[in-house]
Amino acid sequence: MKQRVLITGSSRGIGKAIALRLAKQGYDIALHFHSNQQAASDTTTELETFGVHVSTLQFDISDRHAAKHAIEADIQSHGAYYGVILNAGIARDTAFPAMTENEWDSVIHTNLDGFYNVIHPCTMPMIQTRQGGRIITLASVSGIAGNRGQVNYSASKAGIIGATKALSLELAKRKITVNCIAPGLIETDMVNDIPTDLVKDIVPMRRMGKPEEIAGLAQFLLSNDASYITRQVISVNGGMI
Ligand code: NDP
């Protein structure tokens, strides 16, 4: 049976690059998006050109009930996931003294609660297959080192790192690896307002990374070659930290 991977936020950006890379490798894809129906439908069409099965899930990852309902329905119809990639996330940057309750809450509820809301309904079905599996989360250089203007985002991503490491311990004996990718600045809509001069100042490689440079690592972590790698945070950041 073909292996199936759920990638949250795979309609665009890093998630889309991961989905395309995995489809090219022959994985069936569970594409997830939130609001951009057009991007989801265009990406689905691209994925299907690789001859793989694509199911589509739409929900807000901060909505626990919606996430559980959609994921359980997809598993019921198409079987448990071999891999889950918690990629969807948001940033609402502002200096801490000016940060509103909403900017704090929305980032924590989306990024950190998203860990529970998405991964929890996937875990028991994955265990029950007895085939092992892969869970990959997306943190950030900001969750490792902290970043000004991102107290909310840094907190959410540091939380994801802690949750990832703890879950890896619980699932290791089930042959399910749990690792975290921590990108630096990657060319997507999320960072399109950062001036090129600033990028050159803060990134030793003097450029942003490409979504495909994250996808390569995700592909490796899903592969058999990565079967003994778990509880790790792997940075892809052009030397930023
Ligand atoms: P984008 O903003 O390009 O894409 C975000 C994706 O997440 C979209 O598919 C979007 O769906 C989905 N999404 C956003 N909010 C929600 C929500 N509430 N519920 C469900 N889905 C949602 O982001 P990137 O590709 O840049 O980032 C992907 C991940 O990588 C994020 O976790 C981010 O924090 C992390 N990262 C990114 C970096 C970068 O420089 N780009 C650096 C470090 C980490 P839709 O379009 O349908 O709303």
Side-chain angles (χ1 to χ4, degrees), residues 6-21 29-44 47 56-71 84-93 102 105-119 136-147 149-150 152-161 163-164 180-194 198-199 202-203 205 207-215 217-218 233-238 240-241:
L6 167 66
I7 307 142
T8 63
S10 44
S11 51
R12 58 195 177 88
I14 293 169
K16 174 177 178 175
I18 295 173
L20 287 170
R21 179 69 68 99
I29 303 293
L31 177 146
H32 160 265
F33 73 106
H34 176 214
S35 53
N36 192 333
Q37 176 76 56
Q38 187 60 51
S41 136
D42 292 347
T43 302
T44 300
L47 291 170
T56 305
L57 293 79
Q58 186 207 352
F59 57 85
D60 180 344
I61 58 168
S62 68
D63 182 338
R64 184 159 302 153
H65 177 75
K68 182 173 157 61
H69 182 75
I71 290 168
V84 177
I85 303 183
L86 184 77
N87 165 78
I90 59 167
R92 297 283 180 269
D93 298 354
N102 185 257
D105 289 344
S106 59
V107 169
I108 299 296
H109 290 324
T110 303
N111 297 359
L112 187 52
D113 291 356
F115 183 100
Y116 180 87
N117 298 347
V118 169
I119 296 176
I136 301 170
T137 58
L138 270 285
S140 165
V141 64
S142 179
I144 298 173
N147 191 23
Q150 293 197 313
N152 49 358
Y153 185 76
S154 298
S156 71
K157 294 300 190 179
I160 285 178
I161 290 171
T164 302
C180 181
I181 298 175
L185 291 174
I186 307 298
E187 269 173 26
T188 70
D189 296 341
M190 186 178 267
V191 294
N192 61 9
D193 56 351
I194 299 183
L198 179 61
V199 173
I202 61 180
V203 184
M205 292 192 80
R207 66 170 178 88
M208 286 202 198
K210 298 190 180 311
E212 293 72 24
E213 291 173 308
I214 303 296
L217 177 56
V233 180
I234 304 174
S235 291
V236 184
N237 63 27
M240 281 177 82
I241 54 168

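Indexing begins at 1, ligand by ligand and atom by atom, following the structure's order.
Contact annotation: His32 has at least one heavy atom less than 4.0 Å from an atom of ligand 1. For the pair Ser62 and ligand 1, no heavy-atom separation below 4.0 Å is found. Ligand 1 lies out of reach of Ala91, whose nearest heavy atom is not under 4.0 Å from it. At least one heavy atom of Lys157 sits closer than 4.0 Å to an atom of ligand 1. In this structure, Gly209 falls outside the shell of residues with a heavy atom less than 4.0 angstrom from ligand 1.
No side-chain heavy atom of Leu31 sits less than 4.5 Å from a side-chain heavy atom of Ile7. Side-chain atoms of Val107 and Ile90, non-hydrogen and from C-beta on, do get closer than 4.5 Å to each other. For the pair Val191/Met208, a side-chain contact is recorded, criterion being any heavy-atom separation below 4.5 Å from C-beta on. Side-chain contact between Ile136 and Ile181: present, with at least one pair of heavy atoms (C-beta onward) separated by less than 4.5 Å. Contact annotation: the side chain of His34 never approaches that of Ile61 to less than 4.5 Å [non-hydrogen atoms, C-beta and beyond].
Interface atoms of ligand 1 facing Tyr153, defined by a heavy-atom separation under 4.0 Å, are 33 (C), 34 (O), 35 (C), 36 (N), 43 (C), 44 (C). Those atoms of ligand 1 with a heavy atom of Gly13 less than 4.0 angstrom away are 3 (O), 25 (O). Applying the 4.0 Å criterion to heavy atoms of Phe59 picks out, from ligand 1, the atoms 19 (N), 20 (C). Residue Ser35 approaches ligand 1 through these ligand atoms, each under 4.0 Å from one of its heavy atoms: 45 (P), 47 (O), 48 (O). If you number the atoms of ligand 1 from 1 as listed, the ones under 4.0 Å from a heavy atom of Asp60 come out as 17 (C), 18 (N), 19 (N). Near Asn36, the atoms of ligand 1 lying under 4.0 angstrom from a non-hydrogen atom of the residue are 45 (P), 46 (O), 47 (O). Interface of Ser11 with ligand 1, defined as ligand atoms under 4.0 Å from a residue heavy atom, comprises 8 (C), 9 (O), 11 (O), 46 (O), 47 (O). Atoms of ligand 1 found under 4.0 Å from any heavy atom of Phe33, numbered from 1 in the order shown, are 47 (O).
The protein non-hydrogen atom at the shortest distance from atom 1 (P) of ligand 1 is Arg12 NH1, 3.7 Å. Ranking the protein heavy atoms by distance from atom 19 (N) of ligand 1 puts Ile61 N, 2.9 Å first. Gly184 O, 2.7 Å is the protein heavy atom nearest to atom 42 (C) of ligand 1. Scanning all protein heavy atoms for the shortest distance to atom 13 (N) of ligand 1 gives Ala88 CB, 4.0 Å. Protein heavy atom closest to atom 24 (P) of ligand 1, with residue, atom name and distance, is Thr188 OG1, 3.6 Å. Ranking the protein heavy atoms by distance from atom 25 (O) of ligand 1 puts Ile14 N, 2.8 Å first. Protein heavy atom closest to atom 22 (C) of ligand 1, with residue, atom name and distance, is His34 CB, 3.6 Å. The nearest protein atom to atom 31 (C) of ligand 1, hydrogens excluded, is given as Asn87 O, 3.0 Å; this is a heavy-atom distance.
Side chain to side chain, His109 and Asp105 fail the donor-acceptor criterion of an N or O pair below 3.5 Å. A donor and an acceptor atom, one from each side chain of Ser142 and Asn147, are nowhere located under 3.5 Å apart.
Separation of atoms CG (Leu112) and OG (Ser156) is listed at 6.5 Å; rounding is to 0.5 Å. Once rounded to the nearest 0.5 Å, the distance linking CD1 of Ile214 with CD of Glu187 reads 11.5 Å.
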For this session: I would like to know whether Lys16 and Glu212 meet salt bridge (Lys or Arg N to Asp or Glu O under 4.0 Å); could you show each step before the answer?
Result: CA-CA 9 Å; Lys16 174 177 178 175; Glu212 293 72 24; over 6 Å; no
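Residue contacts with ligand 1 for Thr110 involve side-chain atoms from C-beta outward but no N, CA, C or O (heavy atoms, distance under 4.0 Å). Of all the heavy atoms of Ala139, the ones lying under 4.0 Å from any atom of ligand 1 belong exclusively to the backbone.
Between Phe59 and His32, the ring centre distance stays below 6.0 Å.
Nearest to atom 14 (C) of ligand 1 by heavy atom, out of Asn117, Val236, Ile90, is Ile90.
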